[in-house]
A.B. asks: 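Have a look at this one.
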Amino acid sequence: MPLASSELILNEDQSIYHLHLKPENLADVVITVGDPDRVAEVSRHFEHIEISTQKREFKTETGTFKGKRISVISTGIGTDNIDIVLNELDALVNIDFETREIKEQKKSLQLIRLGTSGAIQSDIPVDSILLSKRALGFDSLLHFYQSASVRDHAFEQAFSAHLQLNPEKSTPYCVEADSALLNHFKNPNYFEGTTVTNVGFYGPQGRTLRLQTEDVALNEKLQSFRLNSEKITNLEMETSGIYGLSKLLDHRALSVNAILANRATGKFSKNPSEIVERMITEALERIAEL
């Protein structure tokens, strides 16, 4: 049955509503970044850019790096934007825009987030790179979907029991990275760990300026959590949504994090652009080999 115009929303030029892309504009490998300005920091390494478009905070450029066709798209901040980006990326490859029907033959995208993050453990230094083995979402995004099949319920239960969160807060959900992408990006100089995705930058990450947080011990509890040999390594704001929706939609996803801050030591990078550039160039080399 064709999807109603209120559900699959297209612009007058038949591009998808928010991203302003047509199916032919999208590569099978997609890099996501938060900041629209970072799109150019990635695409300047391309040999050729075939399309550049932007609507609101969603900027996309598609081109080639060492012969590999790649799209890089800015998501803005937060999993609310990830809900838009992941659903519309999937629509571009798995829905026929002319018939408005879901295609029988599905395509799987490879999604690599190149983002910034703050470490929660003192032994993860500023200006390092970390791969997210799994994500724990403090946002409620995945609870709006039938998501039980893609979640690590044992990890969720142990984590929730340790934190003893206020019941008015969302129950954290846990989703693994794509194992093939994780193995492909492994590097002896990289850290790996469990990433917490927060719903904000200040209170939800335990920062206080003028407002007092509801749980003043939240970051201490995050630091002390252990499940076998696993611990919480870093905080950011998109990875859980990317992992959760990618699993549900049968796409492959990995989050690569440039560590700009260490919350345990109180340090912040003196040259954040340098580690971000290193993350981009090293990631592009790995992507070219996919």
Side-chain angles (χ1 to χ4, degrees), residues 16 18-21 23-55 57-79 81-82 84-90 92-93 107-117 129-132 135 177-178 180-187 190 195 197 236-243 245-246 249 251-260 272-273 275-290:
I16 196 73
H18 294 93
L19 304 187
H20 207 260
L21 292 171
E24 62 268 24
N25 301 147
L26 187 69
D28 293 346
V29 177
V30 182
I31 294 171
T32 71
V33 297
D35 185 354
D37 290 339
R38 193 170 297 148
V39 171
E41 294 177 24
V42 177
S43 65
R44 72 182 181 85
H45 296 282
F46 292 177
E47 295 103 12
H48 168 71
I49 296 174
E50 65 184 71
I51 184 172
S52 179
T53 186
Q54 182 169 3
K55 185 177 180 182
E57 62 266 60
F58 307 113
K59 180 177 181 179
T60 305
E61 293 190 337
T62 296
T64 55
F65 176 80
K66 292 190 173 181
K68 173 73 74 172
R69 190 169 185 252
I70 302 169
S71 293
V72 55
I73 183 169
S74 60
T75 65
I77 297 175
T79 57
N81 278 7
I82 295 301
I84 292 171
V85 172
L86 264 290
N87 275 288
E88 293 197 0
L89 289 177
D90 180 75
L92 285 164
V93 296
K107 178 180 284 189
S108 179
L109 298 170
Q110 297 181 90
L111 304 164
I112 296 96
R113 172 189 177 268
L114 300 181
T116 57
S117 181
I129 294 175
L130 184 145
L131 306 177
S132 301
D178 179 80
L181 280 179
L182 179 64
N183 288 331
H184 183 74
F185 275 78
K186 279 181 182 290
N187 184 314
Y190 292 177
T195 297
T197 296
E236 51 74 75
M237 295 180 65
E238 290 89 34
T239 299
S240 64
I242 293 172
Y243 282 11
L245 293 183
S246 293
L249 293 165
H251 302 300
R252 298 166 56 194
L254 178 69
S255 179
V256 183
N257 305 268
I259 302 298
L260 299 189
S273 61
I275 184 59
V276 169
E277 176 64 11
R278 179 189 154 206
M279 172 183 64
I280 290 169
T281 56
E282 292 182 2
L284 284 171
E285 293 293 336
R286 300 304 291 150
I287 290 169
E289 298 172 357
L290 284 171

A.B. asks: Test your reading of the model: is there a side-chain donor-acceptor pair from T239 to the backbone of T197, 3.5 Å cut-off?
C.D. replies: no

A.B. asks: CG of L21 to CG of L89: how many Å apart, nearest 0.5 Å?
C.D. replies: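 With rounding to 0.5 Å, CG (L21) is 7.5 Å from CG (L89).
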
A.B. asks: Strictly by side-chain hydrogen bond (donor to acceptor under 3.5 Å, both in side chains), give each pair with a member in residues 281-290 just once, sequence neighbours left out.
C.D. replies: K66-E285, Y190-E282, R278-E282, R286-E289

A.B. asks: Which pair of non-hydrogen atoms, one from I84 and one from F58, has the smallest distance, and what is that distance?
C.D. replies: CG2-CZ, 4.1 Å

A.B. asks: Pairing donors with acceptors under 3.5 angstrom, does anything connect the side chains of N257 and E236?
C.D. replies: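 No, E236 and N257 have no side-chain donor paired with an acceptor closer than 3.5 Å.
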
A.B. asks: Carefully, step by step, assess L86 and I242 under the rule side chain to side chain contact (heavy atoms under 4.5 Å, CB included).
C.D. replies: CA-CA 7 Å; L86 264 290; I242 293 172; 4.3 Å; yes

A.B. asks: For the side chain of T64 and the backbone of E47, is there at least one donor-acceptor N/O pair under 3.5 Å apart?
C.D. replies: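 Pair absent, no side-chain N/O of T64 close to backbone of E47.
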
A.B. asks: Provide the closest heavy-atom pair for K59 versus S52 in the form atom of the first, atom of the second, distance.
C.D. replies: CE-OG, 4.2 Å

A.B. asks: Taking atom CG of L92 and atom NZ of K107, what is their separation to the nearest 0.5 Å?
C.D. replies: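 It comes to 10.5 Å.
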
A.B. asks: L130 vs T195, test: side chain to side chain contact (heavy atoms under 4.5 Å, CB included). Steps then yes/no.
C.D. replies: CA-CA 9 Å; L130 184 145; T195 297; 4.1 Å; yes

A.B. asks: Run the numbers on I287 and F65 for side chain to side chain contact (heavy atoms under 4.5 Å, CB included), then give the verdict.
C.D. replies: CA-CA 9 Å; I287 290 169; F65 176 80; over 6 Å; no

A.B. asks: Quick check for you: to the nearest 0.5 Å, what is the distance between I73 atom CD1 and T62 atom OG1?
C.D. replies: 8.5 Å

A.B. asks: Search all heavy atoms of M279 against all heavy atoms of V256 and return the closest pair with its distance.
C.D. replies: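 Minimum heavy-atom separation between M279 and V256: SD-O, 3.6 Å.
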
A.B. asks: What's the shortest heavy-atom distance between A253 and S246, and which atoms?
C.D. replies: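 Nearest pair, atom of A253 first, then S246: CB-OG, 3.5 Å.
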
A.B. asks: Could you check whether atom CD1 of I77 has more than 12 heavy atoms from other residues, nucleotides or ligands sitting under 6.0 Å from it?
C.D. replies: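 For I77, atom CD1 is not crowded (no more than 12 foreign heavy atoms under 6.0 Å).
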
A.B. asks: Checking the side chain of E238 only, and the main-chain atoms of G78 only, is there a donor and an acceptor separated by less than 3.5 Å?
C.D. replies: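 Indeed, once roles are kept as given, a pair shorter than 3.5 Å links the two residues.
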
A.B. asks: Locate the shortest heavy-atom distance separating P36 from Q54; write the atom from each residue and the value.
C.D. replies: CB-NE2, 4.1 Å

A.B. asks: Using only heavy-atom distances, determine whether the side chains of E277 and H45 contain a donor-acceptor pair under 3.5 Å.
C.D. replies: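 Note: E277 and H45 side chains meet the donor-acceptor criterion.
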
A.B. asks: Could you please spell out the steps behind the side chain to side chain contact (heavy atoms under 4.5 Å, CB included) verdict for L181 and L290?
C.D. replies: CA-CA 9 Å; L181 280 179; L290 284 171; 3.8 Å; yes

A.B. asks: Spell out, as yes or no, whether a donor-acceptor pair under 3.5 Å connects the side chain of E88 to the backbone of L19.
C.D. replies: yes

A.B. asks: Check I82 against G241 and note the closest heavy-atom contact, atom names and distance.
C.D. replies: CG2-C, 3.5 Å

A.B. asks: Just how far is it from atom CZ of R38 to atom OG1 of T75, taken to the nearest 0.5 Å?
C.D. replies: 10.0 Å

A.B. asks: If you define the side chain from C-beta out and look only at heavy atoms, does anything of L284 sit under 4.5 Å from I31?
C.D. replies: yes

A.B. asks: Rounded to the nearest 0.5 Å, what separation is found between the CG atom of N81 and the OG atom of S74?
C.D. replies: 9.0 Å

A.B. asks: Determine whether I280 and V33 make a side-chain contact, defined as any pair of heavy atoms from C-beta on separated by less than 4.5 Å.
C.D. replies: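 I280 does not reach V33 side chain to side chain.
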
A.B. asks: Drop me the distance from L109's CG to L26's CG, to the nearest 0.5 angstrom.
C.D. replies: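 Going from the CG atom of L109 to the CG atom of L26 covers 6.0 Å.
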
